[in-house]
Structure formats: structure tokens, C-alpha cells
Protein chains: 2
Amino acid sequence: MSSTPAATGARSILDAATALFADEGYESVSVASIAAQAGVCKANVFHHFASKDELYLAVMKSASAEHADYAEELYQSPGSSADKVCKLIAFEIRNMLANHQRTRLLLRETNDGGHVRVRKLARTVFQRNFTAVVNIFEQGRERGEFRASIDPAAAAMLLGGATHLFFNCRDALREFREANGLETPDVYARRVAALILSGVLVAPEPQTHELALAHGKRARHTEATK
Amino acid sequence: MSSTPAATGARSILDAATALFADEGYESVSVASIAAQAGVCKANVFHHFASKDELYLAVMKSASAEHADYAEELYQSPGSSADKVCKLIAFEIRNMLANHQRTRLLLRETNDGGHVRVRKLARTVFQRNFTAVVNIFEQGRERGEFRASIDPAAAAMLLGGATHLFFNCRDALREFREANGLETPDVYARRVAALILSGVLVAPEPQTHELALAHGKRARHTEATK
DNA sequence: GCCTCCACTGACCGTTCGGTCAGCCGTCGA
DNA sequence: TCGACGGCTGACCGAACGGTCAGTGGAGGC
């Protein structure tokens, strides 16, 4: 009902294209290979999509939905900001791994040069997510739970960079003996959250108590999940 | 003398290939376009390099040198670990921007699927740099300057993620109004360093004083550069 | 029974790809 | 003066690319 009746053919093409584009990138994938993986004729691909470009655009559009929903909803939920940060990191990492094809597509297109139209699209997704994360840090600051001197945008970059790097280098991480257990998503999320919340220094300057103490900053951030 | 006498031709090809591969990736660049940019005949490219693959490998190898030197040398230098972290972030960001072609090549190859041999190569560079950064955090922990409960590897991922994300999304960052001034390398480095050192929480639990207090943890990390 | 519609196909197009090859020509040692 | 060498070239190759097109065959309205 919600899907067009004759979507089976187009759908299988879209799925095959998503998988191949995510694995090998735009240029490396031929229309013939997409058709083969979808089990249809090459000409049929051009029957459903005007060109390879347009097919790629369709793949990107279908991959762009729903990404920042969680952060925005988290922003409005009750609970301490510290908990929100923990939950956000854990969710983002788990979400990236669960939808690794879509994630790889978006990350590739956000970073690269390449197609301008598509980069705009990926950037829209990135911007929505970025803004939502910034809002969470801003909220924590307004509540007095986070220090007034922090830059929420920089904190969001820190958070995003940590999750992206984990996604990109997870299998590389597995080979490093310096990182024992760090390749486990939950472990990584917990340790990174602890660092973002408390930093590395043993005793930061005691400052900006102005607004603090009010909202019960229970920094019990060791059970971020479940 | 240090360069082979007849290296001019091969050198210009290598330079042209580096620029083009960095901008558009392996698949999008044709040998003909490399030859055109180098001002030579296409066949001449194959005279100096056995294949497009081997040319790419040569480009990657020449881009792989020198990357982790700074971190390793910083590790052995005097000064507080907090200062080292600040300097490291500032250097990495400045270094990435100064050698943006090489950086883009390495990042692309570290992340992507693609050529296995080259990924190994890029990963070697990444691993050296990663280990060096981990050592700096480990050193800070042993000195009692950093909390004993932190994971040096996680901190290194945080640091690397922040610098990578900045490099990849700098022009996108320039369009976000949430980030005022954050697209300036020095500003970004300073704010990120402050976050990694002290975190976002207003008052982390007072813990692990055991080894601290000894090495003068002057957390005056607002002038990381110059 | 027939006509229309449309998802789908095989064969084909011009172009561009990575790569080859015979040969040109300036340099240098004998 | 000559021959060998090597950097360099234009012309060319088969393969694969994105894209086109005439046509097929089954489903549905009349």
C-alpha cells in the first residue's frame, strides 16, 4: 500500500546499487554489475532510472532518512545531559554498525569531493545531526551541568569524530595491541563518553560553579546502555 | 645528486598523479589526464611506471613518509603532557592542511575498501601515528598528570577523530552558524584540546590523587601555538 | 478477441579506458 | 664518426564503459 505496486523491480535494483556503491564507491561500480546483482537486464536499470547518476542520487536519498531523529528526540527527553551524551554515543556507534552500508555511503560523500549535488544532500543529513548534538551540549551548559567555558560545537565535533573514526578504522583497531577491548562497540562508547565528560586531567581548575549544583549532575556514566 | 639525474619526467608524472588522485580518487582519474597534467605523452607514463596500479602505489609510498615523526619526537621532549597534547593537536591540524593532498590520499585509503596492498600501507602510517599518540597519553598517566582511569587508546581515538573530522568537514563547518570561529584551525585546536584535557562536566568526581600533584599540572592550555 | 500498457530484454552504439608497440631523436662513450 | 642507449612519442589494440532502441510478452480494460 505504502509502496508502489510495481516497485519490486526498481526496489531490487535500488538495493543492489546501495550495496555495491557502499562497498566500492560510485566510479568502481558499473551499471552492468548492479543489474547482475539485482538479477535483471542492464537496460532495465535505465528503464527505472534515467541515468547512473540519478540512480546514485536515489540511493543516497533513501539512505538519508531517519539519521538525526534519535538525537533530536533525546534532546527533548528528561534526564541529565551527561546521560544523554552517553546514550548518544552508544546509539550512534550501534546505529552506524547496524546500517553500515548507508553509513559508509554518507561518510564517503560527506568527505569526498565528487558529485556536488549529492554532497549537498549528505551535508544536509550531517548538519541536522550536528545541530542536534550541539543542542544537547548547549542544554547541558545552560543547566549548569557542563562548564560554561566549553564550546558546544567543538564538543559535537569531538563526539562525531570519535564515532566516525571508530566506524572507519574498527578492523584496523582490532590489530592494535594498544587498544585492548576498544574494538568492542560498547566498551568504546563507554570509554569515549567518560573522556568527553571528564577529560584526561586529574584535577581541572574548579570553576564556574555559578549555575551548577542545581540539576543533580550524577555522573554515573558507566552503564550508558540498556 | 640525492635525486636520480633523469627524474624530472618521472617526478612530474608523480606530482600530477598525486594531485589528481588526491582530488578525485583512483577510479575517477585516467592515465591520459595524468599525462596531460604532467605535460607528457600517455605512453610515457607507462614507460616510467609499469601500470596505473603501480603508479598509485608509488604515489602512496611517497605520501607515507614523515607523518608520525612529530608525535614520536614530542613524546621524548620535556614539558607537561597537557602541553604535549595541545601542541600535538595544533600540529596535526596544521600539518594536515599544509599537506592536504597527501592527507586526503591517506585518509581515503585508510577508510575505504579498495586496494588491499595500499590499505596496508596507509594503515602502517596510521598505526605508527596512533601508537605515538597513545604513548603520550600513557606517559601523562604514568606521571600522574592524567587520571589513572582513562584509556590512552580511547583518548588517542578522540584526538585523531577530532582532527580527521575537522579536515574532512572544514568547508561544511564554515556554513554552520552553530560553530562561530570553529573553522579557524587554531581556534579549533584550542577548544578541542581544552575539552580533551578537562571534559565537559563542571565537577568530575575528585579521584585518583595517588600519583598526582607531583608534576605541576599547569593546565594553562589556551596558548597551544607559537 | 483485441487493444493498450508497461516491465523487461538482447543487441547494439560511440566513447573512453588501461595498456602495447614500433620507432624517433638527443646524448654520450668509444 | 658511429653505435648504443634511453627518454619519449603517435598510432593503435581489445575490453568495458554508460546509454539507446526496437521489440517481446504477460496482465488488464473493453
Side-chain angles (χ1 to χ4, degrees), chain A residues 1-60 62 105 109 112-118, chain B residues 1-60 62 105 109 112-118:
Chain A
M1 308 191 171
S2 60
S3 65
T4 59
T8 51
R11 184 74 230 171
S12 67
I13 293 172
L14 205 72
D15 289 344
T18 301
L20 288 171
F21 283 144
D23 278 350
E24 308 175 34
Y26 180 81
E27 307 285 349
S28 301
V29 174
S30 68
V31 177
S33 69
I34 294 173
Q37 174 133 338
V40 300
C41 171
K42 187 176 78 162
N44 193 17
V45 173
F46 290 100
H47 173 72
H48 288 288
F49 303 93
S51 67
K52 187 187 177 186
D53 260 48
E54 195 159 299
L55 170 57
Y56 188 62
L57 209 67
V59 166
M60 290 300 298
S62 91
L105 272 171
E109 213 56 52
D112 269 0
H115 296 48
V116 189
R117 302 175 309 172
V118 183
Chain B
M1 308 194 167
S2 61
S3 65
T4 59
T8 50
R11 185 74 229 171
S12 66
I13 292 173
L14 205 73
D15 290 343
T18 301
L20 288 172
F21 282 145
D23 278 349
E24 309 175 33
Y26 180 81
E27 306 285 349
S28 301
V29 174
S30 68
V31 177
S33 68
I34 294 173
Q37 174 133 338
V40 299
C41 170
K42 187 176 78 161
N44 192 19
V45 173
F46 290 101
H47 175 70
H48 288 288
F49 303 93
S51 67
K52 186 187 177 186
D53 260 47
E54 194 158 300
L55 170 57
Y56 188 64
L57 210 66
V59 166
M60 290 300 299
S62 90
L105 272 171
E109 213 57 52
D112 270 358
H115 295 49
V116 188
R117 302 176 306 173
V118 182

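Quick note on labels: first sequence line is chain A, next is B, and so on, each numbered from 1.
- Nearest heavy atom pair, residue Gln37(A) against residue Ala19(A), reads NE2-CB, 4.1 Å.
- Note: Asp15(A) CG to Ile34(A) CD1 = 12.0 Å, rounded to the nearest 0.5 Å.
- Here the C1' atom of nucleotide dC25(C) and the NE2 atom of His47(B) are 13 Å apart, to the nearest Å.
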If a protein heavy atom is under 4.0 Å from the base, mark B; if only from the sugar-phosphate, S; if neither, -; do that for nucleotides 10-26 of chain D going 5' to 3'. B------SBBBB-----
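- Axis angle, first five pairs versus last five pairs of the helix from dG1(C)-dC30(D) to dA30(C)-dT1(D): 10°, rounded to 10°.
- Going from atom CZ of Phe46(A) over to atom CD1 of Ile13(A) covers 10.5 Å, rounded to the nearest 0.5 Å.
- Phosphate contact (OP1/OP2 of dC6(C), side-chain N/O of His48(A), threshold under 4.0 Å): absent.
- Within the 4.5 Å cutoff, the side chain of Leu57(B) has no heavy atoms near those of the Phe49(B) side chain.
- Cation-pi geometry between Lys52(A) and Tyr26(A) is met: the NZ or CZ atom falls under 6.0 Å from the ring centre, inside 45° of the normal.
- Between atom OG of residue Ser62(A) and atom CZ of residue Arg11(A) there is a gap of 6.0 Å, rounded to the nearest 0.5 Å.
- Between Leu55(B) and Leu14(B), the closest side-chain pair of non-hydrogen atoms falls below 4.5 Å.
- Taking each heavy atom of Ser12(A) and Ala38(A) in turn, the nearest pair found is O-CB, 3.7 Å.
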Can you tabulate the close N/O pairs, meaning under 3.5 Å, that link protein atoms to atoms of nucleotides 26-28 of chain C?
none

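- Rounding to the nearest 0.5 angstrom, the gap separating the OG1 atom in Thr18(A) from the OH atom in Tyr56(A) is 10.5 Å.
- Using modelled atom types, no side-chain atom of Ser33(B) and backbone atom of Val29(B) make a donor-acceptor pair closer than 3.5 Å.
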